[in-house]
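Inspection log for the structure reproduced underneath, given as structure tokens.
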Protein chains: 2
Amino acid sequence: MDDRPAPERRQTLGALLRLPYEALQREVYGGLAARGFPEIRPAHSAVFRHIAPGGSRLTALAERAGMTKQSMAYLVDGLEAAGHVRSLPDPRDGRARLVTLTAKGEKVVAALLELGAEAEARLAGRIGAKRAARLRRALEEWVAAIEQDRRAR
Amino acid sequence: MDDRPAPERRQTLGALLRLPYEALQREVYGGLAARGFPEIRPAHSAVFRHIAPGGSRLTALAERAGMTKQSMAYLVDGLEAAGHVRSLPDPRDGRARLVTLTAKGEKVVAALLELGAEAEARLAGRIGAKRAARLRRALEEWVAAIEQDRRAR
DNA sequence: CTCTTTCGTCAGGGGGACTGACGATTGATT
DNA sequence: AATCAATCGTCAGTCCCCCTGACGAAAGAG
């Protein structure tokens, strides 16, 4: 039924980013599930990525993740219910909630870093270490350019 | 409030893909809105990317996009209501719906390709044409590796 | 001490994906 | 030719994850 491999048209840069990104995400979150954390979903990385060692305020997490505090609260509540995170009243500010990782949450962070590194190593084995390194460098420059634009905005 | 630029830890490959991808998406869909198509959202690209010149069946679209037919129907219905797509009964199969682009939809596809090309050109201006070309090639190889794995699965 | 700002929450909504069940149609197998 | 399984699209319901608006409580500026 017209399921031929597509006219082999030049792929857009968007597709070239999306496909690896999705594949990587499947690897990482599949691996996380295999390690006993099936409840962690991609959206949760917004928390794990931005939480500070000594704990972070909800508002700070939201701002760093570029989302509303309501959305961040939704994610944090889920992680708290699952025991990855705990939130205590900030002793220095009666309004604030200080979100910190539990031991379980620390393990997730470690697993996320490991799985990411493993995936990158597999990529290097697949397309060549040199090419993978150049890919990383090019992406780093792109990201740097984006952040520069954002600051200049 | 602890909003320092982060410990400058080595970024994960996931972040290095996600940030450019999101930036690119903002550029492309912002540009589309500026050209008079504010109703087109990223999810709609699943339709525009996979629709065949002579029209495609809903089921075929869903399969190529890797989603359920219900989800694809949701997207197609939206595009049809906005006049980008039209769906007629397939003369060769009384069950099927043949989805085709309208003239308006064709313009969107053209705009999407243009905006993508513009963004890539801007990237080349930003990080260097050579580096951008190498980045594209590395991503193409990665995508090819992914598809090979998928077929071998 | 008042007034403004900030913190987190409550309430509601929408987009975009999913599963399960189903009627209509098709096409293959007797 | 009749039956029966597979396929097409839809209906109904759900979930996740993001949003906006409004608000009480607490902090901080004047």
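Naming convention: chains lettered A, B, ... in sequence-line order (proteins, then strands); numbering from 1 in each chain.
Nearer the 5' end of DNA chain D, as judged by each residue's closest nucleotide, is the contact made by A/Arg41, out of A/Arg41 and A/Pro91. Mapped onto DNA chain C by nearest heavy atom, A/Ala73 and A/Arg95 fall at different nucleotides, with A/Arg95 at the one closer to the 5' end.
Taking atom CZ on B/Arg92 and atom P on D/dT7, their separation rounds to 19 Å, with Å as the unit. When the P atom of C/dC7 is taken as reference, atom CG of A/Leu88 falls 18 Å away, rounded to whole Å. Rounded to an integer number of Å, the gap from CD of A/Glu63 to P of C/dG8 is 12 Å. The CE atom of B/Met72 sits 19 Å away from the P atom of D/dT7 (whole-angstrom rounding). The interatomic distance linking B/Gln25 (CD) with C/dG15 (C1') rounds to 14 Å, in whole Å. Between the OH atom of B/Tyr74 and the P atom of C/dC18 there is a distance of 13 Å, given to the nearest Å. Distance CG (A/Leu75) to C1' (D/dC15): 14 Å, rounded to an integer number of Å. A straight line from CD of B/Glu80 to C1' of D/dG9 spans 13 Å, rounded to a whole angstrom.
Residue B/Thr59 has a polar side-chain atom (N or O) positioned under 4.0 Å from OP1 or OP2 of D/dG9. Residue A/Ser71 places at least one side-chain N or O closer than 4.0 Å to OP1 or OP2 of D/dC19. For B/Arg57, no side-chain nitrogen or oxygen approaches OP1 or OP2 of D/dG9 to under 4.0 Å. Checking the phosphate oxygens (OP1, OP2) of C/dC7, no side-chain nitrogen or oxygen of A/Arg97 falls inside 4.0 Å.
Atom OG in A/Ser56 sits 7.5 Å away from atom CG in A/Leu98 (nearest 0.5 Å).
Distances were taken from every side-chain heavy atom of B/Asp93 (C-beta onward) to each of D/dC19, C/dT26, D/dG9; the shortest belongs to C/dT26. For B/His44, counting side-chain heavy atoms from C-beta on, the closest listed nucleotide (D/dA22, C/dG16, D/dC18) is C/dG16.
The environment of B/Lys104 atom NZ is dense: over 12 non-hydrogen atoms of other residues, nucleotides or ligands sit within 6.0 angstrom.
Proximity of a side-chain donor or acceptor of B/Arg64 to a complementary backbone N or O of B/His50 within less than 3.5 Å is detected.
For a distance-only test at 3.5 Å, the side chain of A/Gln70 qualifies as a donor-acceptor partner of the base of D/dG21.
You'll find the side chain of A/Arg18 reaches within 4.5 Å of the side chain of B/Tyr21, heavy atoms only.
Below 30°, between 30° and 60°, or above 60°: for A/Phe48 and A/His84 the angle between ring planes is above 60°, a perpendicular geometry.
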